[in-house]
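Below: the structure, in structure tokens.
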Amino acid sequence: MRRFAKEHRVFFVEEPVREEGGAYLRSYVCSETGVQVCTPVLPPHCSDAEATEWQREFLRSLLEEERISDYLLWYYTPMALEFSRDIEGAVTVYDCMDELSGFAGAPAALRKNEMALFKKADLIFTGGTSLFEAKRLQHRSVHLFPSSVDVVHFERARTRQEEPSDQARIAKPRLGYAGVIDERMDLELIRYIAAERPEWQLILLGPVAKIDPAALPTAPNIHYLGIKQYAELPRYLAGWRIGMLPFALNEATRFISPTKTPEYLAAGLRVVATPIRDVISPYGDLGLVGIAQTPKEFVEIADGFLANEVLNEVLDEFHDQADEFLRRSSWDSVWRNMDDLIKEARYNKEPASKDMAHV
């Protein structure tokens with residue numbers, strides 16, 4: 001959206017929050033990106049039907065007040081269709097980043113809304129190979145855009161950084177994970193690693209969601225440091241030796257393409273992952289990520305990485321290989337290809353306009 005905002009007005013409508021004080025649309029323009037972030041604020045106890053109606057009214061008001069008459073609709077979730085199905089964009093995009101119906105607590109109407117969104121959309125973008133294979137026969141125009149990375153941002157982790165205070169006190173070596181801690185995480189694997197290598201320190205950054213915090217493994221060498229801002233991540237990753245992708249194999253992970261994979265690589269970290277399909281190909285096949293079929297293998301691969309890291313020529317060769325791969329998968333490249341597809345879809349429907357907003 002940062003890149004689209006260089007050419008168009010972009011309004012990012014977030015999922016609603018519940019607060020006292022009435023219903024309204026909270027809005028601000030991000031100074032770094034130019035994206036206007038719009039957050040529906042709803043009364044704490046309003047019903048689902050009332051919430052949908054409020055969001056529908058907020059969207060209508062946004063279009064009117066901002067004088068948006070020529071616009072692109074971009075969906076990250078089919079559930080947004082419930083308050084926007086009566087408006088038509090010049091082009092409609094469904095950016096399908098996950099198989100959301102496989103997640104714990106997925107709304108009952110999600111599958112039905114996704115089917116309706118497939119009918120409405122002009123373009124489907126998929127965030128990984130597995131999703132692409134699953135969706136390609138459901139629509140005439142499905143396109144693969146695997147997770148990319150802001151290389152310049154994460155490369156900062158390769159240089160000496162001031163240690164964040166909550167991580168500085170933790171011993172080394174450190175193996176880390178950055179992301180949501182939810183039903184996709186293999187908690188038993190974390191527990192196993194901590195027990196097998198008590199001298200390793202496991203750092204976990206991110207919120208705990210949809211699982212009981214009491215179920216999380218605890219040990220002196222497991223450290224939950226909570227949610228961190230995107231801008232802070234290079235400082236944390238700079239203090240790690242290995243980036244972990246400790247995902248369980250279940251319905252919630254069947255189609256995932258973890259964004260952390262290229263971010264860890266850009267940060268210069270060796271990476272160990274469980275056998276997630278979109279990590280095996282391409283990262284495992286290219287030797288950029290160690291793929292562990294069992295907890296024992298996970299520890300063995302990490303052992304090997306830690307031992308080899310003292311050999312500078314081995315690490316330099318790995319960095320060169322990772323950098324070559326990352327150069328071919330930048331966000332700039334993703335944006336250009338998406339923008340070309342949008343312009344083509346628009347051209348095929350009607351003459352293009354220079355003043356098109358992204359909602």
Side-chain angles (χ1 to χ4, degrees), residues 147 149 151 154-161 163-164 166-168 170-181 184-206 217 219-225 228 232-248 258-276 279-280 283-284 286-323 325-326:
S147 300
V149 59
V151 173
F154 284 95
E155 271 185 341
R156 296 170 190 160
R158 300 193 190 186
T159 59
R160 185 178 295 276
Q161 301 279 319
E163 282 265 38
D166 56 350
Q167 184 170 278
I170 299 172
K172 297 178 179 179
R174 303 177 187 137
L175 290 74
Y177 167 81
V180 180
I181 301 168
R184 294 172 294 177
M185 180 81 76
D186 188 338
L187 300 181
E188 289 305 313
L189 174 59
I190 297 296
R191 187 175 285 112
Y192 177 89
I193 297 169
E196 285 294 305
R197 294 292 184 272
E199 71 277 17
W200 294 356
Q201 305 301 313
L202 308 186
I203 311 292
L204 294 102
L205 308 180
N221 59 336
I222 301 177
H223 310 273
Y224 299 96
L225 302 187
K228 306 301 174 186
E232 299 178 280
L233 290 179
R235 292 177 59 207
Y236 282 91
L237 272 58
W240 301 355
R241 300 279 292 281
I242 290 175
M244 300 188 295
L245 296 171
F247 291 111
T259 58
K260 291 304 162 195
T261 317
E263 291 174 354
Y264 289 160
L265 294 175
L269 295 174
R270 302 309 300 258
V271 184
V272 188
T274 52
I276 297 298
V279 179
I280 294 173
Y283 302 101
L286 293 173
L288 296 173
V289 172
I291 305 297
Q293 300 293 332
T294 66
K296 185 172 183 290
E297 277 192 19
F298 201 104
V299 171
E300 290 174 347
I301 293 171
D303 270 332
F305 285 162
L306 292 173
N308 283 334
E309 209 175 64
V310 299
L311 304 174
N312 287 333
E313 64 271 18
V314 173
L315 195 56
D316 288 344
E317 182 181 346
F318 164 70
H319 284 163
D320 289 344
Q321 187 182 5
D323 292 346
F325 175 84
L326 294 171

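In this chain, residues are counted from 1 in sequence order. What you see below is based on every heavy atom in this structure, not just the backbone, and it leaves out hydrogens, waters and symmetry mates.
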> To the nearest 0.5 Å, how far apart are CG in Leu237 and CD in Glu232?
Replying inline: 12.0 Å
>> Just so I know, are the side chains of Ile193 and Val299 near enough to count as touching, which here means a heavy-atom distance under 4.5 Å?
In response: yes
> Do Lys260 and Leu233 have side chains that get closer than 4.5 Å, going by heavy atoms?
Replying inline: yes
>> Would Thr261 and Leu288 count as a side chain to side chain contact (heavy atoms under 4.5 Å, CB included) here? Give the steps.
In response: CA-CA 9 Å; Thr261 317; Leu288 296 173; over 6 Å; no
> Roughly how far, to the nearest 0.5 Å, is CD of Glu263 from CG of Leu326?
Replying inline: 10.5 Å
>> With heavy-atom distances below 4.5 Å as the criterion, would you say the side chains of Asp166 and His223 are in contact?
In response: no
>> For Ala178, is there any backbone N or O sitting under 3.5 Å from a side-chain donor or acceptor partner on Tyr264?
In response: yes
>> So which atom in Pro220 and which in Gln201 form the shortest heavy-atom distance, rounded to 0.1 Å?
In response: O-OE1, 4.1 Å
> Partners of Glu196 by salt bridge (charged side-chain N to carboxylate O under 4.0 Å, His left out), sequence neighbours excluded?
Replying inline: none
> Heavy-atom distance under 4.5 Å between the side chains of Trp240 and Tyr177, does that happen here?
Replying inline: no
> What's the shortest heavy-atom distance between Val289 and Ala273, and which atoms?
Replying inline: CG1-CB, 3.8 Å
>> Tell me whether the NZ or CZ atom of Arg270 lies within the 45° cone about the ring axis of Phe318 and under 6.0 Å from its centre.
In response: yes
> Side chains of Phe298 and Met244: does their closest heavy-atom pair fall under 4.5 Å?
Replying inline: yes
> side chain to side chain contact (heavy atoms under 4.5 Å, CB included) with Gln161: which residues, sequence neighbours excluded?
Replying inline: Arg156, Thr159, Arg235, Ala238
> Quick one: CD1 on Ile203 to CD1 on Ile242, what's the gap to the nearest 0.5 Å?
Replying inline: 13.0 Å
> Which atom names give the shortest non-hydrogen contact between Glu163 and Ala168, and what distance separates them?
Replying inline: CB-CB, 3.6 Å
>> Using every non-hydrogen atom in the two residues, find where Pro258 and Pro262 come nearest and quote the distance to one decimal.
In response: O-CD, 3.7 Å
>> Would the distance check show the side chain of Arg191 and the main-chain N or O of Asp186 forming a donor-acceptor pair, the cut-off being under 3.5 Å?
In response: no
> Can you name the closest pair of heavy atoms from Pro234 and Ala157 and give their distance?
Replying inline: O-CB, 3.5 Å
>> Would you say that Leu175 contacts Arg197 through its side chain, given a criterion of any heavy-atom pair below 4.5 Å between the two side chains?
In response: no
>> As an exercise, state the distance from OG1 of Thr294 to CD1 of Ile301, rounded to the nearest 0.5 Å.
In response: 8.0 Å
>> Checking side chain to side chain contact (heavy atoms under 4.5 Å, CB included) between Ile291 and each of Val279, Val272, Ile276, Thr274, which is the one that passes?
In response: Val279
> Tyr283 and side chain to side chain contact (heavy atoms under 4.5 Å, CB included): which partner among Leu245, Val271, Leu265?
Replying inline: Leu265
> Applying the side chain to side chain donor-acceptor pair (under 3.5 Å) test to Tyr236, which of Arg174, Gln167, Lys228 qualifies?
Replying inline: Lys228
> Considering all heavy atoms of both residues, which atom of Pro246 and which atom of Met185 are nearest to each other, and what is their separation?
Replying inline: CG-SD, 3.4 Å
